[in-house]
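Okay, so here's the structure we're looking at.
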Amino acid sequence: MAKTQLGARVDEDVAELAKKRAADLGLSIGDYLARLVQDDASGLRARAVGAAARFLADHQAVFDEAEEAQQAPRGARAA
């Protein structure tokens, strides 16, 4: 497939974040950006966010309970 060069201006912190994330994934910046666009266009990102939201909604009580347990002073819980 032929490649086309694109240009974009982003804030320095966004550029550094993109470079780091691409490196973490073993991708070039161009390949990383192409993956993001393909995931977005295919709806993959939206489905993943939806799945995460459903998971949190289903299990929020477990997270709340764990957080409350961490905030309770030591010895405050009955045996």
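Side chains included, hydrogens not; waters and symmetry mates left out as well; all remaining heavy atoms used. Computed from a predicted model, the values in this text were never measured in an experiment.
Aromatic ring centres of His59 and Phe63: separated by at least 6.0 Å.
A donor-acceptor pair is defined here as one N or O able to donate and one able to accept, closer than 3.5 Å; such a pair exists between the side chain of Arg47 and the backbone of Ser42. A donor-acceptor pair under 3.5 Å is absent between the side-chain atoms of Arg21 and the main chain of Leu17, judged by distance alone.
Residue Tyr32 comes nearest to Ala22 through the heavy atom pair CB-CB, 3.7 Å, listed as atom of the first residue, atom of the second, then distance.
From Glu16, atom CD reaches atom NZ of Lys19 across 4.5 Å, with rounding to the nearest 0.5 Å. One distance of note links NZ of Lys20 with CD1 of Ile29; it measures 12.0 Å at 0.5 Å rounding. Leu36 contributes atom CG, which lies 11.0 Å from atom CG of Asp31 (distance to the nearest 0.5 angstrom).
Residues Leu44 and Val37 do not share a hydrophobic cluster, defined by chaining ILVMFWY side chains whose heavy atoms lie under 4.5 Å apart.
Counted within 6.0 Å of CD on Gln60, heavy atoms from surrounding residues, nucleotides or ligands total more than 12; the atom is thus considered enclosed.
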